[in-house]
Number of protein chains: 4
Amino acid sequence: MPREVRERQMVDAAVEVFARRGYRTASMDEIAELAGASKPLVYLYLNSKEDLFSACIRREAEALIAAVQAAVDPAAPADRRLWNGLRAFFAHTAAHPDGWAVLHCQARSHGEPFALEVAALRQRLVDVVTRLIADTAREGGCAVPLPGEEVAGLAHALVGAAESLAGWSNGLTGSGRSDRAAAETLMNLAWAGLGNLTNGRRWAPARS
Amino acid sequence: MPREVRERQMVDAAVEVFARRGYRTASMDEIAELAGASKPLVYLYLNSKEDLFSACIRREAEALIAAVQAAVDPAAPADRRLWNGLRAFFAHTAAHPDGWAVLHCQARSHGEPFALEVAALRQRLVDVVTRLIADTAREGGCAVPLPGEEVAGLAHALVGAAESLAGWSNGLTGSGRSDRAAAETLMNLAWAGLGNLTNGRRWAPARS
Amino acid sequence: MPREVRERQMVDAAVEVFARRGYRTASMDEIAELAGASKPLVYLYLNSKEDLFSACIRREAEALIAAVQAAVDPAAPADRRLWNGLRAFFAHTAAHPDGWAVLHCQARSHGEPFALEVAALRQRLVDVVTRLIADTAREGGCAVPLPGEEVAGLAHALVGAAESLAGWSNGLTGSGRSDRAAAETLMNLAWAGLGNLTNGRRWAPARS
Amino acid sequence: MPREVRERQMVDAAVEVFARRGYRTASMDEIAELAGASKPLVYLYLNSKEDLFSACIRREAEALIAAVQAAVDPAAPADRRLWNGLRAFFAHTAAHPDGWAVLHCQARSHGEPFALEVAALRQRLVDVVTRLIADTAREGGCAVPLPGEEVAGLAHALVGAAESLAGWSNGLTGSGRSDRAAAETLMNLAWAGLGNLTNGRRWAPARS
DNA sequence: TATGAATGAGTCTTCATTCAT
DNA sequence: TATGAATGAAGACTCATTCAT
């Protein structure tokens, strides 16, 4: 069996086991067995548990980002782009729950090397969203320019909301089209909020 | 030294170590040492590593919820309640980064017993927010009643956005009042979004 | 059982196993079993295989040097001191063959940390001998002063000769007093050689 | 590439790696790579790690003995023969430090099969020296016949001294002709010592 | 209340060795 | 002649947990 195929099987198995057990609890024995290979072969191809985990993170991260970016047609208007990006995000995470679990739950809680890696991925997502927000503001005829830091904050908020909704709607059983519903909910929230902000309508605490 | 004091020291130490190292990597030795007690005593008081971790989750969760609820004056108008709740959430997580790390990062990634526990906490937060949204809708003269599932989705989105913003703004260095800025950003986003929804102004994909 | 006693038993066992199997081949399992303790206890007390081996080297080295130095009466004449030192060296190595094997065979062939440690020990032995040679020269009315480098060379040669003789005579079976014979042989060789050198009688290759 | 050439490359590589890492720590992977061949080929030609190590020992041992014997002209007087033998010994070990390390450090510390092999070699060296001593005694007009066991002891002492001096002088840096100096030092020591012994002048402990 | 001493079970990792080609 | 692919066996090390005191 050629090396590349074997290697993909191994990473597949690793993603599954890491998602199920967590990084530390997962054992290389279980991963090797699930991959249908011997442990030394896993080490020969992937070096160490750390490297294997990194490989999982990288592969799943690239896949997620690629899915989102493929869905965003640069020629479409901003709202359409946002909508399609959200749809792709929810669809992809719903279709790859193990990969999403590795990225969202495991990678962040097991120390520097992985946290950094997944932070870099997340930053790329945030960047995509940041650009969408900026474009939305511009195309919507932004009356009051938003400061860069606020845009970044909004992007973080949206990404967090998406992550949270993904976890929730994927956890609901049986609701066949829940990932579309999630996208709609978030789209409504975001669209109205962004529209108001770019028009200078802000909420302010009443003076007490 | 009375048992209660000792026990609190132990949980303090455990929260710190679990936050720094993660559940599996943290060792009972380190926790006992940091607590200034011997290991058998830790076991005598807290039974097992699992129970100790559960105790950490429970204590930090109660503290966070209590902080949020204490800030929400039931007599105030809905927007004010939401604002105060957000402020309290950001302030508390910023003030207790270890506790927040245990709840947000560690507890979710280490198997059933803890994930359930933290899910229950999160549900209570979501419930608080759900009620806020419902009240907001009612007080705002809700033209179009929101289905319960959508309200829940919004609540999850808001909580996720808050969590994400908390992580981001706590990570920024030097910006003295960043947790207030985070609350403002999120408040603007949420307020406008909710307002639109309760008035039936929804975004819909253009027919293609 | 008090820690010190256990620790000595462990080092005893380790010296025996390291001598028999060699550093790398020796297994911590075997050492622990021979010491009558569990492996974790060995690690608790002695940290690692490396540290355990170092502890063996240090203990055996100190014992050997102490034996030699105890035998050398500073008030005695130089020849007497040399003789007593040699006797003690041969007697000690004969009485502690495992310790000698660890020092002479194992410690030198297993990488920097140990080689350095045993080199330091050997240097101390060489220093003792160097001083004896210098004293011998002085007391013998040295006609031609020996250069420092040559004295060091002589010391190394004597120590090497002693080591070699020790290995040989300890390997001979049955000869009850062989370690005394070894000392005599070496004493004769050294005494005459030193005497000639300090009197300027050197061997020189005939011109060809 | 013809088998003999390949095989020599492999043993060359093995000597280097064994000298650097030690028998157990050396890996067949590294040896094969350094030899520029694949691992199965190494096994095809040399059977096993043990056999490969034995091959190294044998080759280096033969080379050393051959060098010493080539230098000893049977027609020359005994002192000349001793001198030339010493010179050749120091020169060869200085020129082949890896081979010498394998013989002197590694082979003795890794269990029966190798220790026996290297002991046999050493015995041949000792035999050469033994004959030299006996000849010296005869040619020097030996007044008091030396018992065979003492001659053997002297030979062991000389070989050990030579080994020790070789290690020391090879370790010194920069002294361009140190292997000649080593030979001189040892020659002086030996010559005078032997001369005295064959003339019955012995050192004896003063009666106490 | 408090602990020094002790361990069973399990993990990552390595390496000599062999097929199938 | 030559090798890419594969593994069984073994070893260092760690840790949650428990007695005896």
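Letters go in sequence order (proteins before strands), and every chain restarts at 1.
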**Q.** Separation of E/dT14 P from D/Asp29 CG (nearest whole Å)
**A.** 11 Å
Q) In whole Å, what is the span from the CG atom of C/Leu41 to the P atom of E/dG8? A) 11 Å
Q: Indicate whether OP1 or OP2 belonging to F/dA6 is found under 4.0 Å from a side-chain N or O atom of A/Arg6.
A: yes
Q) Is any side-chain N or O of A/Lys49 under 3.5 Å from a base N or O of E/dT11, one able to act as donor and the other as acceptor? A) no
**Q.** 5'-most by nearest nucleotide on DNA chain E - B/Arg24 or C/Gly36
**A.** C/Gly36
Q: Give a yes/no answer on whether the side chain of D/Tyr45 brings an N or O atom under 4.0 Å of OP1 or OP2 in F/dA2.
A: yes
Q: Take B/Arg59 and B/Val15 through the side-chain contact (heavy atoms from CB on, under 4.5 Å) test and state the conclusion after the steps.
A: CA-CA 10 Å; B/Arg59 197 186 70 175; B/Val15 167; 4.2 Å; yes
Q.
Between A/Arg58 and A/Asp51, does any side-chain N to carboxylate O distance fall below 4.0 Å?
A. no
Q. Given atom CZ of B/Phe53 and atom C1' of F/dA16, what is their separation to the nearest angstrom?
A. 16 Å
Q: Would you mind reading off the distance between C/Glu30 atom CD and F/dA10 atom C1', rounded to a whole angstrom?
A: 14 Å
Q | Smallest separation among heavy atoms of B/Met10 and B/Ala37, with atom names | A | CE-CB, 4.0 Å
Q) Between A/Pro40 and B/Tyr43, which has a closest nucleotide on DNA chain F that is more 5'? A) A/Pro40
Q) Between F/dA2 atom P and D/Leu46 atom CG, what is the distance in whole Å? A) 13 Å
Q.
Any strand counts, and the cut-off is 3.5 Å on both contacts for Watson-Crick or G-U wobble. Which nucleotide pairs with F/dT21?
A. E/dA2
**Q.** Parallel, tilted or perpendicular: rings of A/Phe18 and A/Tyr23 (30°, 60°)
**A.** tilted
Q: Name the closest nucleotide to the C/Ser38 side chain, picking from F/dT17, F/dA12, E/dT7.
A: E/dT7
Q | Which atom of B/Met28 lies closest to which atom of B/Tyr43, heavy atoms considered | A | CG-OH, 3.5 Å
Q. How long is the line joining CD of B/Glu50 and C1' of F/dC15, in whole Å?
A. 15 Å
Q: Round to the nearest Å and state the distance from C/Met10 atom CE to E/dT7 atom C1'.
A: 12 Å
Q. Is a donor-acceptor pair below 3.5 Å formed from side chain B/Lys39 to base F/dT17, judging by atom type as modelled?
A. yes
Q: With heavy atoms under 4.0 Å as the rule, sort A/Ala32 into base, sugar-phosphate or nothing.
A: nothing
Q.
Can you measure A/Arg21 atom CZ to E/dT11 atom P for me and round it to whole angstrom units?
A. 10 Å
Q.
Heavy-atom nearest nucleotide on DNA chain F for A/Pro2 versus D/Arg3: which residue maps closer to 5'?
A. D/Arg3
